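So the structure is just underneath, and the comments pick up after that.
For clarity, every value in this text was computed on a predicted model and none was experimentally measured.
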Amino acid sequence: MRANLGVPRPDQADYMLRAAAGAAGRHYKRELLDLLEVEPGQVALDVGCGPGADLPFLAERVGEGGTVIGVDRDPAMLAEARRRTSGLPAVEVREGDAHALPLAPGTVDRAKIDRVLMHVTDPDAVLAGLHLVTRPGGRIALAEPDWDTLIVDAEDLDASRAFTRYTTSEAVRNATIGRTLARRAERAGFTVDAVTASTPVFLDLAEADRTLGLGRNTQLAIEDGHMDADRARRWFASLAEGPFYASFTLITVACSR
């Protein structure tokens, strides 16, 4: 009988809201949104807005004379984003794909993409489309992790490395997208103004398991033959035996059009 490891896969909207509300999420999101330099009266775009965690902040920045547009393709995310912003007349939530944004060319002053490019089929096409809808003089901000930098402290270092290798090779589509953001943005026609890196740190195993999927991905690594079952289960169990530490690097890039 299969014995699942870690917490069950969370509701995706709840997961994203929890991640945004955590200490690590609050820190990098504040930096990302500050780099956008949103001003009153502007049109601000959130590509892959998910459940709308950042839409109220953007609405506050653009004010009554501005517009915030959140785009997502997932019906559950759209429903939650609309629910969360129902009292904010400046916010529009639109169904659409990041590869084919539902906006006219040159209509956006500020735009952000936050932990979306690591999942899309063609990151370069998404950035090219973002360049198309952004006005000359506009500004964008991108934030993506580099999962090659994922560290999970354990006595069995080789098992920790095997877990990271599985994460980068199998679990995440564009696992090292973070390190390529500046290069890709320039290739899309943007001018890179700033590049920063932050390191979200997890000292609580339960929080790390929810956010990083430690147990779920260990189970998948076993099933896919990337980790020996007994060794992987011992490794995961050992994470609860003492002080816990895990971290990864998140890269933020600010650009102008």
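- Every residue was checked against the side-chain hydrogen bond (donor to acceptor under 3.5 Å, both in side chains) condition with Q42, not counting sequence neighbours, and none meets it.
- A pairwise comparison of heavy atoms in H131 and G189 identifies NE2-O, 3.3 Å as the closest pair.
- L130 and L32 fall into different hydrophobic clusters, where Ile, Leu, Val, Met, Phe, Trp and Tyr residues are linked whenever their side-chain heavy atoms come under 4.5 Å apart, directly or through other members.
- Hydrophobic clustering (side-chain heavy atoms under 4.5 Å, transitive across Ile, Leu, Val, Met, Phe, Trp, Tyr) groups V201 together with I151.
- Looking at heavy atoms from C-beta onward, V133 lies out of side-chain contact with P105 at the 4.5 angstrom threshold.
- L33 has its side chain within reach of L58: a pair of non-hydrogen atoms, C-beta onward, lies under 4.5 Å apart.
- To the nearest 0.5 angstrom, L36 atom CG is 9.0 Å from D34 atom CG.
- Remark: D230 CG to I222 CD1 distance equals 8.5 Å, nearest 0.5 Å.
- Residues passing the side chain to side chain contact (heavy atoms under 4.5 Å, CB included) test with R184 are P123, D124, L127, I177, T180, R187, sequence neighbours excluded.
- Interatomic distance, CD of E80 versus CE of M77, reported as 9.0 Å (0.5 Å rounding).
- E170 CD: more than 12 foreign heavy atoms inside a 6.0 Å radius.
- Scanning all heavy atoms of the two residues, the minimum distance from A182 to V192 falls at O-CG2, 3.6 Å.
- T168 places a side-chain N or O within 3.5 Å of a backbone atom of R165 that can act as its donor or acceptor partner.
- Between E92 and R94 there is a salt bridge, since at least one side-chain N of the basic residue sits less than 4.0 Å from a carboxylate O of the acidic one.
- No side-chain donor-acceptor contact under 3.5 Å links T67 to the backbone of V43.
- To the nearest 0.5 Å, the span separating CG on D109 from CZ on R257 amounts to 12.0 Å.
- Taking both residues in full, the closest heavy atoms of T164 and L150 are given as OG1-O, 2.9 Å, listed atom of the first, atom of the second, then distance.
- Looking at R61, R110, K29 one by one, the single match for salt bridge (Lys or Arg N to Asp or Glu O under 4.0 Å) with D54 turns out to be K29.
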For side chain to side chain contact (heavy atoms under 4.5 Å, CB included), just list the numbers for H119 and N174, CA-CA rounded to whole Å, side-chain angles, deciding distance to a tenth of an Å, and then say yes or no. CA-CA 6 Å; H119 299 301; N174 305 310; over 6 Å; no
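- The side-chain heavy atoms of Y166 and D224, taken from C-beta on, include a pair separated by under 4.5 Å.
- Put simply, OH on Y28 and OG1 on T199 are 14.0 Å apart, with the number rounded to the nearest 0.5 Å.
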Check against side chain to side chain contact (heavy atoms under 4.5 Å, CB included), E31 and T252: CA-CA 8 Å; E31 178 183 59; T252 300; 3.9 Å; yes
Begin with the C-alpha distance, continue with both residues' side-chain angles, and end with the deciding distance and a verdict on side chain to side chain contact (heavy atoms under 4.5 Å, CB included) for V172 and T167. CA-CA 6 Å; V172 181; T167 300; 4.2 Å; yes
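- Here the side chain of D72 pairs no donor or acceptor atom with the backbone of L78 at under 3.5 angstrom.
- To the nearest 0.5 angstrom, R216 atom CZ is 6.5 Å from D209 atom CG.
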Table please: side-chain donor-acceptor pairs of residues 136-146 below 3.5 Å, with sequence neighbours left out.
residue, atom, partner, partner atom, Å
R139, NE, L35, O, 2.6
R139, NH1, D193, OD2, 2.9
R139, NH2, L35, O, 3.4
E144, OE1, M118, N, 3.3
E144, OE2, R115, N, 3.3
E144, OE2, V116, N, 2.9
E144, OE2, L117, N, 2.8
D146, OD1, D148, N, 3.1
D146, OD1, R179, NH2, 2.9
D146, OD2, R179, NE, 2.4
D146, OD2, R179, NH2, 3.0

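- Taking all atoms of both residues into account, the shortest heavy-atom contact from G63 to A90 is O-CB, 4.1 Å.
- A salt bridge is absent between R210 and E207; no separation between the charged side-chain nitrogens and carboxylate oxygens falls under 4.0 Å.
- When all heavy atoms are compared, the tightest approach of A76 to D74 is N-OD1, 3.0 Å.
- Residue pairs meeting the ring pair (Phe, Tyr, Trp, His ring centres under 6.0 Å) criterion with at least one member in residues 238-257, sequence neighbours excluded, are W147-F248.
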Please tabulate, one pair per line, all N/O donor-acceptor pairs under 3.5 Å involving side-chain atoms of residues 96-104, not counting sequence neighbours.
residue, atom, partner, partner atom, Å
D97, OD1, H99, N, 2.7
D97, OD1, H99, ND1, 2.7
D97, OD2, R73, NH1, 3.2
H99, NE2, D122, N, 3.1

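- The hydrophobic clustering, which links ILVMFWY residues whose side-chain heavy atoms are closer than 4.5 Å, places L88 and V38 together.
- Under the side-chain hydrogen bond (donor to acceptor under 3.5 Å, both in side chains) criterion, R183 pairs with no residue, sequence neighbours left out.
- Both L181 and L45 sit in one connected hydrophobic cluster of ILVMFWY residues. Membership requires side-chain heavy atoms under 4.5 Å apart, directly or through other members.
- Under the 3.5 Å distance criterion, the side-chain polar atoms of S160 are matched with a main-chain donor or acceptor of V152.
- The minimum heavy-atom distance linking S169 with H226 is given by the pair OG-CE1, 4.4 Å.
- In this structure, T85 contributes its side chain and V91 its backbone to no donor-acceptor pair below 3.5 Å.
- Note: the hydrophobic cluster containing V47 does not contain V93 (ILVMFWY, side chain heavy atoms under 4.5 Å, direct or indirect links).
- Heavy atoms from other residues, nucleotides or ligands lying under 6.0 Å from CD of E155 number 12 at most.
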